[in-house]
Protein chains: 2
Amino acid sequence: MRASDLAYQSLRSDIMEGTLSPGSVIVEVEQSERLGVSRTPIREAISRLLSDGLAEPAPGRGVIVAPISLENVYSLFELRVSLDCTAAALAAGRGDATRFMRLAERFKQAAAILAAGQGNIAEYYALVDELDTAIDAAAANRYLYQVQLTLRTQLTRIRKLSKTNPVRLAQAADEHAQIARCIASQDAQLAEAATRLHLANALFAIEEAAASQEQHGLFEVAAHP
Amino acid sequence: MRASDLAYQSLRSDIMEGTLSPGSVIVEVEQSERLGVSRTPIREAISRLLSDGLAEPAPGRGVIVAPISLENVYSLFELRVSLDCTAAALAAGRGDATRFMRLAERFKQAAAILAAGQGNIAEYYALVDELDTAIDAAAANRYLYQVQLTLRTQLTRIRKLSKTNPVRLAQAADEHAQIARCIASQDAQLAEAATRLHLANALFAIEEAAASQEQHGLFEVAAHP
DNA sequence: CCCTGAAATTTTGTATACAAATTATTGCTT
DNA sequence: AAGCAATAATTTGTATACAAAATTTCAGGG
């Protein structure tokens, strides 16, 4: 594997995990020594992070890890609604119905398990990924797909800011089942409606979680000094 | 100015102008000597072109200038409809009405001039840019804006593939006036409808132009040997 | 004549040295 | 003590040398 790929993946996961905290500057030599490669591949990795939106040029201070805050969540969701609805509508027109029916079934099962309070969260998110992948494939639009990828990394970062309510998770599983079913029905407008509804609920849940965390004083997004 | 910025702008415009033809490989040393800088800034410029979608990694052959073809136009427009409609709707909800009214007036004038067959095309496109900029500003969504920028560079490249019919241009100016008016009216759904209509017409015009050019044997997208 | 394979050449990937720019620090002056 | 200036120290930007990978070319055998 190329050193620049290694550096990219390493830095990327460090940012995602929070090892590199938002707002902290990424110093080339520091990372170069830490990862055991020269500055050249580090620079290439950083430029990829910039285009991912995981790093930002800071005026005079080089590049910093892109800050996250719930203030962005509305902008992010405006874009997300647009793209996810389009993707769902396209998938409804082009997708393989049986594949989405099967996914709908699995989401229904997942919803039941989560409602019983014994769900594995990671497993559930993996299922969501499967649905996303199926939709991407069915939508068959490489430009749309490209944008979705970068949007999702932003959403993943945001998601970690507020702990998701387990009750909400079961509800979300139901909504995903609904989306899959609507796509399987090949009705583009219906698929779009289900998606729009789901995203509205998701945003509302985020707002609620944030409010409750703020209340308990748990809402802190530290940037390194 | 940094050498990498110079290299980026130079390569970018070379690709846009067609000096570097689609499909041709971008050889680092070659460009390095041509532009009088070392390979390092060239590599950085190339990585920016990659994230712009103006260059593509080619398996084993390094990177090539991204090919263009009208086959992409449908995928591109699917995304464009989604984004432009969202932007128009947001702008209707947030924008300064008088600013869009003024733009609508100018488009009406432009339409009259173009219909009379004495319009300056570059001037017209500049006006379109102004509208786009106004919408971007009013939509006030940095994530959406970012995607629009890269989408528009793709559309600009595609546009050059088929000569636009002057009659269509006057019609398009009317449609832009309509869009501006709808945004000024602060009716999000209406703004979206006007945008959707315009894009449907634009796509149709592209198809027609392509068909007529193909007929006349003018439809050639050469890749260098 | 084509296919296989090995050498040669070209091209990309990485390391490092040096230059330029920017920030931090220190000392001086008011 | 505060502000400014000059200098020192970090940090990024660029060039270049070297290493590795891959493609092409050429030669030999089937």
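Chain A is the first sequence line, chain B the second, and so forth, proteins listed ahead of strands; every chain is numbered from 1.
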Does the distance from a Lys or Arg side-chain N to an Asp or Glu carboxylate O, for B:Arg106 and B:Glu130, drop under 4.0 Å? yes

Would you tell me if any nitrogen or oxygen in the side chain of [X] comes within less than 4.0 Å of OP1 or OP2 on [N]?
{"X": "A:Arg43", "N": "D:dG13", "result": "yes"}
{"X": "A:Thr40", "N": "C:dT14", "result": "no"}
{"X": "B:Ser4", "N": "D:dT14", "result": "yes"}

Nearest listed nucleotide, side chain of A:Pro41, among C:dA15, D:dT11, C:dT12: C:dA15

Whole angstroms only, please: what is the [atom1]-[atom2] distance between [X] and [N]?
{"X": "A:Gln31", "N": "D:dT12", "atom1": "CD", "atom2": "P", "value": "10 Å"}
{"X": "B:Arg48", "N": "D:dG13", "atom1": "CZ", "atom2": "C1'", "value": "13 Å"}
{"X": "B:Tyr8", "N": "D:dG13", "atom1": "OH", "atom2": "C1'", "value": "19 Å"}
{"X": "A:Asp5", "N": "C:dT12", "atom1": "CG", "atom2": "P", "value": "16 Å"}
{"X": "B:Glu44", "N": "C:dT14", "atom1": "CD", "atom2": "P", "value": "15 Å"}
{"X": "B:Glu28", "N": "D:dT14", "atom1": "CD", "atom2": "C1'", "value": "14 Å"}
{"X": "A:Ile46", "N": "D:dT12", "atom1": "CD1", "atom2": "P", "value": "7 Å"}
{"X": "A:Arg39", "N": "C:dG13", "atom1": "CZ", "atom2": "C1'", "value": "16 Å"}

Could you state the interatomic distance from CD1 (A:Ile42) to CD (A:Glu28), rounded to the nearest 0.5 Å? 8.0 Å

Does a sphere of radius 6.0 Å around CZ in B:Phe204 hold more than 12 heavy atoms from other residues, nucleotides or ligands, not counting ones at 6.0 Å or beyond? no

Mind checking if A:Ile26 touches a base, just sugar-phosphate, or nothing, with heavy atoms under 4.0 Å? sugar-phosphate

Base, sugar-phosphate, or nothing for B:Arg61, non-hydrogen atoms under 4.0 angstrom? nothing

Could you say whether A:Pro59 or A:Met1 is positioned toward the 5' end of DNA chain C, judged by the nucleotide with the nearest heavy atom to each? A:Met1

Walking DNA chain C from its 5' end, the first of A:Ser38 and B:Val63 to be reached, judged by nearest nucleotide, is B:Val63

Please determine which of B:Leu161, B:Ile64, B:Ile68, B:Leu54 meets the side chain to side chain contact (heavy atoms under 4.5 Å, CB included) test together with B:Pro22. B:Ile68

Indicate the ring-plane relationship of A:His198 and A:His176, choosing parallel, tilted or perpendicular according to the 30° and 60° boundaries. tilted

